[in-house]
Every structure is written in C-alpha cells, then in structure tokens.
Amino acid sequence: MAEEEQRTLLNNQPTNADSVVSIDGSENRSRANGIKWASISVFVALLIAGQAICIYYVLQQQGQITTLQTKSINLQQEMIKRPVQRPVPPKKLKMAMFHMPLAFSEDFVEKEKRANSNNMTTEEKVEFFLKKWNPDMSSPKLEKTFLENLNQLKFKMDFGEWMTFESWMKQWLLFQQLLKTNEVPSPPGPPSETE
C-alpha cells in the first residue's frame with residue numbers, strides 16, 4: 001500500500017513546468033498588485049499635496065482679505081464722521097476788458113444806455129438786443145414793398161428757418177386779430193327805478 005500511496009502522491013505532484021507556471025503567475029500578480037498600490041499611493045500623495053498648497057494660498061490670501069476689510073471699515077467710519085458738504089455754486093466769471101469783443105465798444109455801450117432810457121423805438125431796441133446776443137448776425141435791408149421783402153427773406157433763409165418764421169407770422173396775425181376784435185358788450189344792468 002505504501003507503494004500505491006507513493007504513486008498517487010507522485011501522480012498528484014505537479015511537474016516542473018506546472019510549478020514554473022504557477023510560480024510565475026503568482027509573481028506577476030504580486031508585481032501588478034505592487035504597481036497598483038504604488039500608483040494609488042502616489043495619486044493620494046499628490047491629492048494631499050494639492051490640498052496642502054490650496055490651504056497655504058488661502059491662508060496667505062486671508063491675511064490680505066482681513067487687511068482690506070479693516071481698511072474698508074475705517075473708510076466707512078471716516079465717511080460717516082465727515083459732515084455732508086454741499087456743492088459750492090460756480091462763481092460767475094467776468095470777462096477781462098482786453099478780451100471784450102468789438103461789439104462792446106464805447107458806441108455799443110452808449111446804445112445800450114439809450115435802449116434802457118426809452119429814447120429808442122421798439123424796432124431799434126429789438127435790433128439792438130439781437131445784435132447784442134449775436135454780434136455776427138446782420139439784418140437784411142428791407143426797403144421794398146411788403147411782398148417783395150417777404151420773397152427776399154424767403155430766398156435768403158433756409159427751409160427750416162422759413163417754416164419757423166412762417167409759423168411765427170401766423171401766431172402774430174392771430175394776436176393782432178385778437179387785439180382788434182370788438183369787446184363783447186356787457187349785459188344790461190337791472191332796470192332803474194326812475195323809468
């Protein structure tokens with residue numbers, strides 16, 4: 001029986017080729033497991049290092065944030081303490097005499113005094129003040145009949161100016177007509193007792 005047991009053990013015993021394959025397979029698995037664990041540990045180490053760097057930068061920035069917050073609080077307190085200043089109206093500028101335009105010559109000043117003293121007609125006053133406000137403006141010489149003067153004005157003015165002038169003439173005509181209308185007679189009073 002001993003022989004039979006030896007034979008069965010020899011038959012069940014793996015051959016050298018089987019043992020080499022099984023040994024090589026276990027080494028490959030252990031190498032693969034080692035590489036897996038090494039790569040996982042490197043990955044975890046990188047994650048931890050990244051977190052540490054983020055924390056470092058956040059803490060560094062937190063110092064700057066706190067200084068900015070204290071500065072903004074100080075500025076707000078200063079603004080609250082300051083009295084509210086009202087804006088100062090701009091001062092009226094006076095023109096220097098040597099920069100006066102030719103319109104303000106002595107002759108012009110004399111005409112202004114005359115305009116204020118009621119020695120001028122309304123037409124002269126209007127012409128005087130128009131020249132005062134716009135010295136470059138020249139009034140046309142209107143020496144012909146009314147219709148010829150209107151046609152002359154129409155050709156000298158551009159379309160927009162003429163339309164404005166025409167609407168003003170309509171308003172002026174209405175005003176003149178209102179001035180000339182007869183007054184409405186007042187209703188008769190109560191009858192007198194003498195009648």
Side-chain angles (χ1 to χ4, degrees), residues 54 57-195:
C54 286
Y57 282 121
V58 166
L59 290 176
Q60 191 177 24
Q61 294 294 322
Q62 181 136 9
Q64 293 177 355
I65 290 171
T66 54
T67 56
L68 286 175
Q69 285 176 340
T70 55
K71 285 182 182 179
S72 69
I73 290 170
N74 290 340
L75 287 174
Q76 287 174 352
Q77 289 174 352
E78 283 181 29
M79 292 301 291
I80 291 171
K81 289 178 184 176
R82 276 189 194 169
V84 177
Q85 295 179 353
R86 294 185 179 153
V88 179
K91 293 183 179 178
K92 199 172 193 179
L93 296 177
K94 294 184 179 179
M95 189 179 297
M97 286 304 289
F98 59 90
H99 287 296
M100 289 285 205
L102 293 176
F104 287 102
S105 63
E106 290 179 15
D107 183 43
F108 193 80
V109 174
E110 288 176 16
K111 284 185 180 179
E112 187 172 11
K113 287 179 183 176
R114 223 175 99 205
N116 292 334
S117 68
N118 292 333
N119 290 339
M120 295 174 79
T121 65
T122 306
E123 183 179 339
E124 290 173 339
K125 287 181 182 180
V126 169
E127 187 176 350
F128 169 75
F129 283 113
L130 285 175
K131 283 186 179 179
K132 180 180 177 182
W133 295 322
N134 188 1
D136 297 334
M137 186 190 88
S138 63
S139 58
K141 302 294 181 195
L142 304 173
E143 300 168 347
K144 299 177 184 175
T145 65
F146 180 73
L147 287 177
E148 289 173 346
N149 288 339
L150 271 181
N151 285 332
Q152 180 185 356
L153 276 177
K154 187 173 184 177
F155 287 117
K156 286 186 177 181
M157 292 182 178
D158 64 354
F159 183 73
E161 288 177 335
W162 177 253
M163 293 306 291
T164 306
F165 179 70
E166 193 175 4
S167 68
W168 175 83
M169 282 195 319
K170 289 176 185 174
Q171 302 301 321
W172 179 81
L173 179 63
L174 286 174
F175 177 73
Q176 291 299 323
Q177 289 174 352
L178 284 174
L179 289 177
K180 291 180 181 179
T181 56
N182 294 334
E183 290 186 12
V184 177
S186 58
S192 63
E193 296 177 9
T194 58
E195 293 179 8

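Position 1 is the first residue of the sequence, and the numbers go up from there. Please read all numbers here as calculations on a predicted model, not as lab measurements.
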**Approximate separation, where rounding is to 0.5 Å, of F165 CZ and W168 CH2** = 6.0 Å
**Message:** Contact between N149 and E143 at the side-chain level, heavy atoms closer than 4.5 Å - yes or no?
**Reply:** no
**Message:** Going by side chain to side chain contact (heavy atoms under 4.5 Å, CB included), L173 matches just one of Q177, M169, K170. Which one?
**Reply:** Q177
Using atom types as modelled, flag every donor-acceptor pair under 3.5 Å from a side chain in residues 152-164 to any protein atom, sequence neighbours excluded.
from : atom 1 : to   : atom 2 : distance (Å)
D158 : OD1    : E161 : N      : 3.1
T164 : OG1    : G160 : O      : 2.9

**Message:** Rounded at 0.5 Å granularity, tell me how far OG1 in T66 sits from CD in Q61.
**Reply:** 10.5 Å
**Request:** Measure the spacing between CG of L150 and NZ of K144 and express it to the nearest 0.5 Å.
**Result:** 13.0 Å
**Asked** Which value, rounded to the nearest 0.5 Å, describes the distance between Q64 atom CD and Q69 atom CD?
**Response** 12.5 Å
**Request:** Using the test side-chain contact (heavy atoms from CB on, under 4.5 Å), find all partners of L59 that sit at least two apart in sequence or belong to another chain.
**Result:** I55
